[in-house]
Each structure stands twice: as structure tokens, then as C-alpha cells.
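What you are looking at is a predicted structure, and each value in this text was computed from that prediction instead of being measured. Numbering of ligands and ligand atoms starts at 1, following listing order.
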Amino acid sequence: EAKISGRNQYKFFDPEQDRRLTEYYAQVADAKKALKTDAFRLHYQPKIRLATKEVIGYEALIRWQHPEKGLLMPGAFLPPIERHPDVAIELGNWVLDNALEQIERWNEVGLDTTVSVNVSALQLTSSDFEETLNKHLQKHPAAEPCQLEIEILETDALSDIERVSKIIRNCRLSSVRFALDDFGTGYSSLAYLKQLPIDTLKIDQGFVHDSLNNAQDQELLKLIISLGRVYNIDVLAEGVETPAHAELLHTYGCRYAQGYAFARPMPADDVLDWHSNWIEHRLTQSAMPRALT
Ligand code: C2E
Ligand code: MG
Ligand code: MG
Ligand code: MG
């Protein structure tokens, strides 16, 4: 007890904190270098229409091919970067640029699809986001703006709803779509959904995970799906790991899903093969039972 309070009082000499700080600065410096050496990658995970099993788009998820540590997941490197606004925004721009370039490349070979990118509140509310987005779109004229979807966390959107709504409204003038990510985790009131001009709700995977044997989660899923219906917003469930999850969600009237049941996020180079293989095989799968609605 005494040790703990002593530690808090004399943070200055805390070797653990010192080590963490050093590590944190090293990581941010590393990230800056990684941007210059093209060490970040986007992996892509398909989004599926449950009724037909068609692919409706892909979500871009960032990875870091670290020279010593191997392939790093966003949870391991985004938090320290996010505390460094200039680096975070540079990385966010890299993601937008890369995703649009990928759309162009896929258009060129006849894969007409949409790509979602995750955008942090930091980037979305930076003073010139609308302008930045339009510049990116102009830089990639072979990508249609309606092929791009921007995902923002529900908790981020709620933190400054007036401002975020305005930014979204402006960006939508150029036909870019918006999704509310991890929906249900920041849930506070129903009314705000009316204010946010979004196209898609992505149900957080936490509601899906135990839904097969948890009656409470089942009721919450139904609630979110009917919310989507009330507000005329598409609903996609994340973290759909098994066919049983997919079937349950479809029965509840959820139209779209994403998760390991269909595919794990994969390197961009694997998408074309995966996509044509999927088209070939989904047709031989039996159709889903009819939705209840
Ligand atoms: P998210 O946007 O909610 O993405 C879904 C996460 O769930 C991804 O983790 C994905 O790999 C994982 N996932 C997909 N299907 C399943 C499944 O069936 N079961 C389970 N257990 N997990 C599944 P990932 O790639 O580690 O990304 C984590 C979070 O990092 C993302 O959550 C997103 O908030 C953030 N993120 C990823 N890429 C970017 C980016 O380019 N920019 C920003 N700002 N954030 C990003
Ligand atoms: Mg997302
Ligand atoms: Mg999510
Ligand atoms: Mg998430």
C-alpha cells in the first residue's frame, strides 16, 4: 500500500513509467519511419449480404509489417500514434490514399466493389477534413466517390455530435458513404441517430459473440436491427464467426454481415482470387431461410 502511493507520488523516478515513455517515443518515431519506408499495409475483409451471400464490399484494416516485430495489428500500435496528432493524421491520409488506389486498381480489372476505411475522430474533426477528402478523391479519378465508405466509431461520433454531423453532411455531398462502427458500445440515447446522417450501423461484435446462447444479447440484436429499420439505416453485424451466427442474424432481419465465418482480413493481393472463388462457391451453397420480418 505504502509502496503504491509512494510510487504515485514520485512518478518521476518510476522506472516502469520511464520505460513505457521511452517505448512510446520509440514507437512513434518508428511509425514515422514506417510511413516513409512503406511498412504499413491494408488488409481487406469482405462484407456479405446474408440473403444471397454476395460480397457487398471490403473493409480496409491497417497492419504494420515491422522489420523486427513482424506483422503488427492496429490494437498494438494505433493507441500511441493517436496521441501524436500529426503522425496520426499522416497515417490516416496514407490509409485513404491507399484505399482509393486499391479501388482504382480493382476497377481496372473489373472488380467493382466498395471499400470502407476507418477514420479516427482526430482525423475527421481536423480543420480541413472535407478538403483533404476531396483532394484524395481528385487524385484518384478512376475511383467513384460512392465506392468509398468511411467508418467512424460510435463513441467518437457521440463526443461532438453537432460538429461530426456537419462534417459528415458536407462529405456526403460528394457521395461518400458513412458507417457508425462498434455500434452499441457508446449507446446513450436513441434520439441522436436521427441527427447523424449515416448509411450503415455496424453492430459491435460484442453483441454477436455469445448471441447463440445468450437471450439478452439476442434481444439487443433484435433491438438494434429494428432501430436500423426505424431510421432507414443499413445494419451490418460484425464478428460473425460461424454459419449459426449468420443464420440467427438473418432470421432477425439483419441484412449484412462480416466475420471469420466468411473470411479473415487478407492482403490486398489475395482478394481477387478469394473473390472469384467465393462467387463460384457461394452459388452452390443452399440459400438462407427466409427472414422473419
Ligand atoms: P473495427 O473497425 O471494428 O474492425 C473489426 C475488427 O474485428 C478487426 O480487427 C477485424 O480483424 C476483427 N474481426 C473481423 N471479423 C472477426 C470475427 O469474426 N471475430 C473476431 N473476433 N474478430 C473479427 P483489427 O484488424 O485488429 O482492427 C481493430 C480495430 O482497429 C478496428 O476495429 C478499427 O477500429 C481499428 N483500425 C483498423 N484499421 C484502422 C485504420 O486504418 N485506421 C484507424 N483509425 N483505425 C483502424
Ligand atoms: Mg471498422
Ligand atoms: Mg467495429
Ligand atoms: Mg472495433
Nearest N/O/S atom of Glu238 with respect to the Mg ion (ligand 3), by atom name, please.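 So the atom name we want here is OE2.
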Restricting to N/O/S, name the atom of Asp181 that gets closest to the Mg ion (ligand 3). OD1
Just jot down the ligand 1 atoms closer than 4.0 angstrom to any heavy atom of [X], in number order.
{"X": "Pro265", "result": "11 (O)"}
{"X": "Gln45", "result": "14 (C), 15 (N)"}
{"X": "Gly259", "result": "15 (N), 18 (O)"}

Determine, for Tyr252 and Lys222, whether the Lys NZ or Arg CZ falls below 6.0 Å from the six-membered ring centre while staying within 45 degrees of the axis.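 Yes - Lys222 lies over the ring of Tyr252, closer than 6.0 Å to its centre and within 45° of its axis.
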Whether Asp182 has an N, O or S atom under 2.8 Å from the Mg ion (ligand 3): yes
Ligand 1 versus [X], non-hydrogen atoms closer than 4.0 Å: side chain, backbone, both, neither?
{"X": "Leu42", "value": "neither"}
{"X": "Glu238", "value": "side chain"}
{"X": "His209", "value": "neither"}
{"X": "Gln205", "value": "side chain"}

Given Phe77, Tyr260, Trp94, which one has a non-hydrogen atom that is nearest to atom 17 (C) of ligand 1?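 Heavy atom nearest to atom 17 (C) of ligand 1 belongs to Tyr260.
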Shortest reach to atom 45 (N) of ligand 1 by a heavy atom, considering only Val95, Leu78, Ile152, Val117: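 It is Leu78 whose heavy atom sits nearest to atom 45 (N) of ligand 1.
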Taking a cutoff of less than 4.0 Å between a non-hydrogen atom of the residue and any ligand atom, is [X] in contact with ligand 1?
{"X": "Glu59", "value": "yes"}
{"X": "Gln258", "value": "no"}
{"X": "Gly239", "value": "yes"}

With the Mg ion (ligand 2) as the apex, the OE1/OD1 angle for Glu151 and Asn118 - to 10°: 90°
Hey, are [X] and [Y] close enough for a salt bridge, meaning a charged N less than 4.0 Å from a carboxylate O?
{"X": "Lys166", "Y": "Glu162", "result": "no"}
{"X": "Asp269", "Y": "Arg105", "result": "no"}
{"X": "Arg282", "Y": "Glu54", "result": "no"}

Within the distance-only criterion (no hydrogens, no angle test), does the side chain of Asp181 pair as donor or acceptor with the backbone N or O of Leu153 below 3.5 angstrom?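 Between the backbone of Leu153 and the side chain of Asp181 there is no qualifying donor-acceptor contact (under 3.5 Å).
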Quick check: does Ile62 get an N/O under 3.5 Å from an N/O on ligand 1?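 By distance alone, the answer is yes.
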Spatial distance of atom CG (Leu61) from atom CG (Asn118) [nearest 0.5 Å]: 6.0 Å
Measuring from the Mg ion (ligand 2), name the closest N, O or S atom belonging to Glu59.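 It is OE2 of Glu59.
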Are there over 12 heavy-atom neighbours, none belonging to His209, within less than 6.0 Å of that residue's NE2? no
Decide if atom CG of Asn277 counts as having more than 12 heavy atoms of other residues, nucleotides or ligands within a radius under 6.0 Å. yes
Of all heavy-atom pairs between Leu148 and Leu100, which one has the smallest distance, and what is that distance?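 Minimum heavy-atom separation between Leu148 and Leu100: CD2-CD2, 4.3 Å.
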With respect to Tyr58, which candidate in Gln102, His275, Gln45, Lys47 satisfies the side-chain hydrogen bond (donor to acceptor under 3.5 Å, both in side chains) definition? His275
Can you name the one residue among Arg255, Glu151, Glu149 that meets side-chain hydrogen bond (donor to acceptor under 3.5 Å, both in side chains) with Thr200?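 Result: among Arg255, Glu151, Glu149, Glu149 is the only option passing the side-chain hydrogen bond (donor to acceptor under 3.5 Å, both in side chains) with Thr200.
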